[in-house]
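One structure is given here, and the rest of the page talks about it.
Each chain gets a letter, A, B and so on, in the order its sequence line appears, and its residues count up from 1. Model, not experiment: these values are computed from the prediction.
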There are 2 protein chains.
Amino acid sequence: MQERAKKTRIRILEAAVKLFSAQGFHGATIDEIAELAEVNKQRIYAYFGSKSQLFEAALLEVFERIELFSHDTLAHAEKHPEKITAIVMEGFLKVHKAHPDLWRLLAWANLEGSLCTEALNQARRQENERLRILYEQAVSDNLLRPIPFETWLFTLLAVTYFRFSNELTLVHTMNGISSMQKMERKLTADLNTLFTTENATE
Amino acid sequence: MQERAKKTRIRILEAAVKLFSAQGFHGATIDEIAELAEVNKQRIYAYFGSKSQLFEAALLEVFERIELFSHDTLAHAEKHPEKITAIVMEGFLKVHKAHPDLWRLLAWANLEGSLCTEALNQARRQENERLRILYEQAVSDNLLRPIPFETWLFTLLAVTYFRFSNELTLVHTMNGISSMQKMERKLTADLNTLFTTENATE
DNA sequence: AAATTAAAAACAAACGGTTGGTTTGTTTTT
DNA sequence: AAAAACAAACCAACCGTTTGTTTTTAATTT
């Protein structure tokens, strides 16, 4: 594959990520993707085979590009293990805000039943293990309550995911809270105290 | 509108719920819905106007039909306020399992940016308030940790939603846990201890 | 260094099928 | 007689995909 071909391949992929993320598999059209990528329609079939193969390629692309736990987050959590919940939450929220494509594509994939989910988690597993070590150390240091790592991670992932995937609904539900930002701060703080032992903050 | 017309209207609505929930707005087709409802295509436009209007009608239908906190759940929680977290979680999971249409339709609506979300929450608000009273009583009785009601409810809703909307992904992520049911039980138990004060269980 | 050439890359245009939406006319039920 | 439901066709638009042609690139030959 020549240099020029690689570039157009990437242009297609970027357009696909953008449009699939915005409108889903059935909502986005090959014509739109081709137009946004400034590429002839047929190139898409030449490089990706079919619409569904393009979707999976786009999904994998996003997953490999984005690291859920940034170096900063892990380093920060290492220094202040008693605040690990707040730090990781803030990290999650930041990543999701910076890459809305990520959770949207994942949401579409889950609803539409994409098949490549195994490959996705392979990429994520290694990241998880680094965090697990930090977390379990904090638990045995009696900084955190003795809740299993899986439950803790699941809760944080769930809260973050829910905050974004139900934004439309939440605006009305959580009345009394004026802004989304306020809600995030409140949630982060509350969850942090929830998972922390009482003597840790002394 | 005659009796017969009402029935066909309902048949259309039920078919719409089923197919929109399964395949989303763009994925489902009017022809399929008409076929499943055993109704002439034209009747759909006679009663609902357009595809998008049918979608919103289907969404509202599901929301009004399903009560998120059943009478059983609330009664049970009233008797055992120290187990309110586990009880409500189990209730949520049960409702979601019994009505997969609910969260799927909501997920599609959120992704596709439906506009009728305001109406949805109006229906939910009253239910929330009954639960709030129970919860806040349990907090002031020192059975639960002093976490705001909103954060508590948000967490439980998020965990439940996440469990269903990311089922495909989770099967691989949470390795070491053999079945989904085991995971649910673990999560429920852990969250319950998390939100309960230590003296409550004594 | 310039010309040639074959493959790779990109294009334009059309294909057959399906979509949402609508209409026209007819039959059935109330 | 009016309301409800039907059958069937229509439309323009769009879907994913394919075919045939032109342009660009890079290696080869002169």
Side-chain angles (χ1 to χ4, degrees), chain A residues 1-61 105 108-109 111-116, chain B residues 1-61 105 108-109 111-116:
Chain A
M1 184 177 283
Q2 294 181 359
E3 194 63 26
R4 188 167 51 129
K6 281 187 194 170
K7 283 187 182 175
T8 60
R9 214 191 89 100
I10 288 175
R11 279 214 312 282
I12 293 171
L13 220 41
E14 281 173 352
V17 167
K18 220 170 263 184
L19 289 175
F20 278 137
S21 146
Q23 322 197 41
F25 180 76
H26 289 105
T29 72
I30 294 287
D31 288 280
E32 282 176 333
I33 294 170
E35 195 188 340
L36 182 62
E38 289 181 311
V39 153
N40 188 279
K41 216 175 161 182
Q42 191 255 346
R43 284 293 93 193
I44 294 175
Y45 291 93
Y47 292 138
F48 297 96
S50 70
K51 194 188 183 185
S52 44
Q53 283 175 282
L54 177 62
F55 183 87
E56 304 223 329
L59 187 57
L60 282 170
E61 230 277 317
L105 273 178
W108 290 117
L111 279 171
E112 286 159 349
S114 282
L115 304 167
C116 61
Chain B
M1 185 178 282
Q2 294 180 359
E3 193 62 27
R4 189 166 51 126
K6 281 186 193 170
K7 283 187 182 173
T8 59
R9 216 192 87 101
I10 288 174
R11 279 216 313 283
I12 293 171
L13 222 39
E14 281 173 352
V17 167
K18 220 170 263 183
L19 288 175
F20 278 138
S21 146
Q23 321 197 39
F25 180 76
H26 288 104
T29 73
I30 294 286
D31 289 281
E32 280 176 335
I33 294 170
E35 196 188 340
L36 182 62
E38 292 182 309
V39 152
N40 188 278
K41 206 178 165 182
Q42 191 252 348
R43 287 292 93 192
I44 293 176
Y45 290 95
Y47 292 137
F48 297 97
S50 70
K51 193 187 185 184
S52 41
Q53 283 175 280
L54 177 62
F55 183 87
E56 304 223 329
L59 188 58
L60 282 170
E61 230 278 318
L105 272 178
W108 290 116
L111 279 171
E112 285 159 350
S114 282
L115 304 167
C116 61

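Figure legend: cation-pi geometry between B/Arg43 and B/Tyr47, with NZ or CZ positioned under 6.0 Å from the six-membered ring centre and within 45° of its axis.
Here the P atom of nucleotide D/dT18 and the CD1 atom of A/Ile30 are 12 Å apart, to the nearest Å. The nearest whole Å value for the distance from the NZ atom in B/Lys7 to the C1' atom in C/dT29 is 13 Å. Atoms CG (A/Asp31) and P (C/dT19) sit 17 Å apart, rounded to a whole Å. Per the geometry, CG belonging to A/Leu19 stands 12 Å off P belonging to D/dG16, to the nearest Å. Protein atom CD of A/Gln53 is 9 Å distant from nucleotide atom P of D/dT17, rounded to whole Å. In this structure, B/His26 atom NE2 and D/dG16 atom P are separated by 12 Å, rounded to whole Å.
Counting heavy atoms from C-beta outward, A/Phe48 and A/Arg9 have side chains that approach closer than 4.5 Å. In this structure, the side chains of A/Lys7 and A/Ile10 stay at 4.5 Å or more apart for every pair of heavy atoms. Looking at heavy atoms from C-beta onward, A/Leu59 lies out of side-chain contact with A/Val17 at the 4.5 angstrom threshold.
Around CD of B/Gln53, the count of heavy atoms belonging to other residues, nucleotides or ligands within 6.0 Å exceeds 12.
Of all non-hydrogen atoms in B/Leu105 and B/Ala58, the two that sit nearest each other are CD1-O, 4.3 Å.
Of all nucleotides present, only C/dA13 satisfies the Watson-Crick or G-U wobble test against D/dT18, with each distance under 3.5 Å. Across all strands shown, D/dT30 forms a Watson-Crick or G-U wobble pair with C/dA1, both key distances being under 3.5 Å. C/dT29 is paired with D/dA2 under the criterion used here, namely a Watson-Crick or G-U wobble arrangement in which both key atom distances are under 3.5 Å.
Within the 4.0 Å cut-off from OP1 or OP2 of C/dT22, not a single side-chain nitrogen or oxygen of B/Tyr45 is found.
Ring-plane geometry between A/Phe20 and A/Phe25 is classed as parallel, the angle between the planes falling under 30 degrees on a 0 to 90 degree scale with a further cut at 60.
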request  = Mark up nucleotides 5-17 of chain C, 5' to 3', with B wherever a protein heavy atom is under 4.0 angstrom from a base atom, S wherever such an atom reaches only the sugar-phosphate, and - elsewhere.
outcome  = ---SSBBB-B---

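Nucleic acid contact for B/Ala28: sugar-phosphate only, since backbone atoms but no base atoms lie under 4.0 Å from a heavy atom of the residue.
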